[in-house]
Amino acid sequence: MAKETIYVGVNDHEVDFFEGIYVVPNGVSYNSYIVQGDKIAVMDAVDERFAAEWLNNIKKALGGKKPDYLVILHMEPDHSGSILEFVKAYPQVTLVGNQKTFVMLGEYFGELGADSATKKLTVKDGESLDLGGRVLNFVFAPLVHWPEVMVAYESAEKALYSADAFGKFGALDCDEPWDDEARRYYIGIVGKYGVQVTNALKKLSAFDIKIIRPLHGPTLTDTIPHAIDLYTKWAGYIPEKEGVMIAYTSIYGHTKAAAELLKAELDKRGVENIIIDLVRHDKADSVALAFAYGKIVLATTTYNGEAFPVMREFVDHLAERNYRDRQIAIIENGTWSPFAANAIIPRLEKCKNITYVGEPVKVFSALNAESRQKIAELADMLK
């Protein structure tokens with residue numbers, strides 16, 4: 001049999017919310033590959049809803065041959081959901097994973113637990129599997145983004161099977177730029193674990209990687225240096241862009257007017273900026289963009305003695321993902337008592353190296369000469 005690699009994954013255009021929270025208008029892919037040496041390894045499974053399509057892809061690709069191994073790099077159900085059906089179709093197969101993999105496997109599929117007759121090969125960090133002409137080298141990448149995650153480097157093609165790392169939203173039959181959906185995916189799903197991602201990148205730097213095959217999204221080749229550069233920044237909480245992100249919520253339009261005035265003042269000063277209506281903009285993208293910029297302005301109304309609910313949620317998402325090393329300014333609006341800043345700042349107490357730019361700008365109901373002047377002064381401080 002030719003020692004080649006064959007894609008056998010599937011596209012999912014049925015899903016509306018990835019992991020029940022992230023909007024995916026262009027769907028998502030569940031990637032799976034056949035790596036063929038003298039022996040045959042299938043790299044990862046797919047969501048259980050696509051088990052039949054996946055198994056049919058494998059059958060066509062193998063032309064009557066049977067796989068020797070199913071390598072399980074990640075046990076999240078969108079990748080492991082069809083493992084049981086695979087074992088039923090190929091009972092002779094050996095499942096390859098690590099100790100934590102097989103604990104989770106038994107939890108999801110009792111039939112495949114420790115007492116089952118299914119063959120299992122437990123690998124350790126740094127161990128390899130020789131397929132005969134193709135060697136898979138396993139590197140553990142815990143919390144990128146589950147604790148059992150590992151990746152595999154195949155030396156003949158110099159290919160990295162990267163699990164969820166370097167993945168993106170969007171099915172493979174959708175043509176869209178990589179950066180934005182990869183950022184939204186990373187910050188939302190892995191963003192909390194920057195230290196672990198940095199550790200994984202250091203370990204992988206020992207390999208000559210010419211191909212990256214993630215579990216979601218397209219195969220990367222020529223753009224690998226760019227992708228690694230972005231991952232290095234994301235994992236290190238380093239801003240990608242100079243400039244300012246203005247994130248606002250507004251009830252009757254007055255806080256929006258304040259945010260738009262700040263944008264106009266920044267434009268006058270030649271400061272790159274982006275303005276986001278947190279209520280209407282995709283929530284995951286709003287959070288991802290906050291990590292892309294080095295400075296952020298939070299403009300919001302006081303609501304029930306608190307910051308507006310959507311702003312609170314946004315700030316909580318930043319803190320949950322270890323938002324750090326940024327400059328923050330606040331514009332707060334209230335008819336009788338602007339109080340939003342006092343609600344926002346405690347939510348960011350655990351975030352490291354946050355610098356607040358000036359004092360919160362207070363808007364009493366609507367812009368007036370004084371608040372307009374304060375916003376102009378804020379624009380100067382954000383230059």
Side-chain angles (χ1 to χ4, degrees), residues 9 18-20 30-33 35 41-48 51 54 67-87 90 93-131 135-154 159-167 185-186 188-204 206-207 212-216 231 235 320-322:
F18 186 83
E19 290 192 348
Y30 310 121
N31 298 336
S32 175
Y33 299 88
V35 178
V42 177
M43 306 298 292
D44 287 292
V46 302
D47 187 282
E48 64 179 337
W54 175 59
D68 298 282
Y69 302 102
L70 174 63
V71 177
I72 307 169
L73 298 178
H74 185 20
M75 269 299 300
E76 197 168 6
D78 55 335
H79 308 297
S80 68
S82 52
I83 289 177
L84 183 58
E85 294 304 311
F86 181 88
V87 171
Y90 300 106
V93 78
T94 297
L95 303 181
V96 180
N98 57 58
Q99 185 178 16
K100 291 180 179 178
T101 304
F102 292 128
V103 171
M104 293 182 183
L105 187 73
E107 291 172 348
Y108 279 110
F109 307 104
E111 305 96 316
L112 300 177
D115 297 331
S116 74
T118 303
K119 291 182 287 186
K120 301 181 183 71
L121 174 62
T122 303
V123 297
K124 296 180 181 178
D125 191 13
E127 289 189 339
S128 60
L129 175 62
D130 191 344
L131 301 176
V135 178
L136 296 172
N137 301 278
F138 296 104
V139 177
F140 286 15
L143 295 177
V144 188
H145 65 119
W146 278 22
E148 91 299 353
V149 170
M150 59 183 185
V151 301
Y153 177 77
E154 197 283 302
L160 177 68
Y161 294 85
S162 62
D164 273 352
F166 300 103
Y185 176 86
Y186 173 90
I189 294 169
V190 193
K192 181 177 181 178
Y193 304 109
V195 171
Q196 289 81 1
V197 174
T198 297
N199 291 339
L201 290 172
K202 287 178 181 176
K203 292 166 75 173
L204 294 174
F207 297 95
I212 296 179
R213 294 184 172 124
L215 286 176
H216 299 292
Y231 258 66
E320 181 184 340
R321 287 157 179 79
N322 290 335

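These numbers come from the heavy atoms of this one structure, side chains and all, not from hydrogens, waters or symmetry mates. Predicted model, so just to flag it, every value in this text is computed and none were measured.
- Residue Lys120 qualifies as enclosed at atom NZ: its count of foreign heavy atoms under 6.0 Å is above 12.
- At least one side-chain heavy atom of Tyr186 sits less than 4.5 Å from a side-chain heavy atom of Val197.
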**Message:** Run the side-chain contact (heavy atoms from CB on, under 4.5 Å) test on Leu95 and Val87 for me, step by step, so that the C-alpha distance in whole Å, both residues' side-chain angles and the decisive distance to 0.1 Å come before the verdict.
**Reply:** CA-CA 9 Å; Leu95 303 181; Val87 171; 4.0 Å; yes

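- Contact record, Glu148 with Met75: OE2-N, 2.6 Å, taken as the closest heavy-atom pair.
- Within the 4.5 Å cutoff, no side-chain heavy atoms of Tyr161 are placed close to those of Asn31.
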**Request:** Applying side-chain contact (heavy atoms from CB on, under 4.5 Å), run through Asp78 and Phe18 and close with a yes or a no.
**Result:** CA-CA 9 Å; Asp78 55 335; Phe18 186 83; 3.5 Å; yes

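- No donor-acceptor distance shorter than 3.5 angstrom exists from the side chain of Glu85 to the backbone of Ser82, with no hydrogens or angles considered.
- Counting non-hydrogen atoms of neighbouring residues, nucleotides and ligands closer than 6.0 angstrom, the NZ atom of Lys203 exceeds 12 such neighbours.
- The closest side-chain heavy-atom distance from Phe207 to Leu160 is not below 4.5 Å.
- Among all heavy-atom pairs drawn from Ser128 and Asn137, the shortest one is CB-OD1, 3.6 Å.
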**Prompt:** Could you walk me through whether Tyr90 and Val42 pass the side-chain contact (heavy atoms from CB on, under 4.5 Å) check?
**Reply:** CA-CA 11 Å; Tyr90 300 106; Val42 177; over 6 Å; no

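- Interatomic distance, Lys100 NZ to Met150 CE, rounded to the nearest 0.5 Å: 12.5 Å.
- No donor-acceptor pair under 3.5 Å is formed between the side chain of Ser32 and the backbone N or O of Ala45.
- Among all heavy-atom pairs drawn from Val123 and Phe140, the shortest one is O-CZ, 3.4 Å.
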**Request:** Start with the C-alpha distance between Leu73 and Val71, add both sets of side-chain angles, then the distance that settles side-chain contact (heavy atoms from CB on, under 4.5 Å), and finish with yes or no.
**Result:** CA-CA 6 Å; Leu73 298 178; Val71 177; 3.8 Å; yes

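- The shortest heavy-atom contact between Ala141 and Ala200 is CB-CB, 4.2 Å.
- Note: Leu121 CG to Tyr69 OH = 6.5 Å, rounded to the nearest 0.5 Å.
- The CG atom of Asp44 lies 7.0 Å from the CG atom of Leu70; values are rounded to the nearest 0.5 Å.
- Annotation for Tyr193 and His145: closest pair CE1-O, 4.1 Å, computed over non-hydrogen atoms.
- Separation of atoms CD (Glu107) and CG (Leu112) is listed at 13.0 Å; rounding is to 0.5 Å.
- Panel note: side chain Tyr153, backbone Val139; no donor-acceptor pair is recorded below 3.5 Å.
- The CD atom of Glu320 lies 9.5 Å from the CG atom of Asn322; values are rounded to the nearest 0.5 Å.
- Here the closest heavy-atom approach between residue Phe109 and residue Gly81 is recorded as CZ-O, 3.8 Å.
- Ile83 has its side chain out of reach of Tyr108: every pair of non-hydrogen atoms, C-beta onward, lies at least 4.5 Å apart.
- Looking only at distances, a side-chain donor or acceptor of Ser162 sits under 3.5 Å from a matching main-chain atom of Ala165.
- With a 6.0 Å radius and a threshold of 12 heavy atoms from other residues, nucleotides or ligands, Glu48 has its CD atom at or below the threshold.
- Using modelled atom types, one finds a donor on one side chain and an acceptor on the other under 3.5 Å when comparing Tyr185 with Asp164.
- Taking the six-membered ring for Trp and thresholds of 30 and 60 degrees, His79 and His216 have ring planes inclined between 30 and 60 degrees apart.
- Between the NZ atom in Lys119 and the CG atom in Asp68 there is a gap of 8.0 Å [rounded to 0.5 Å].
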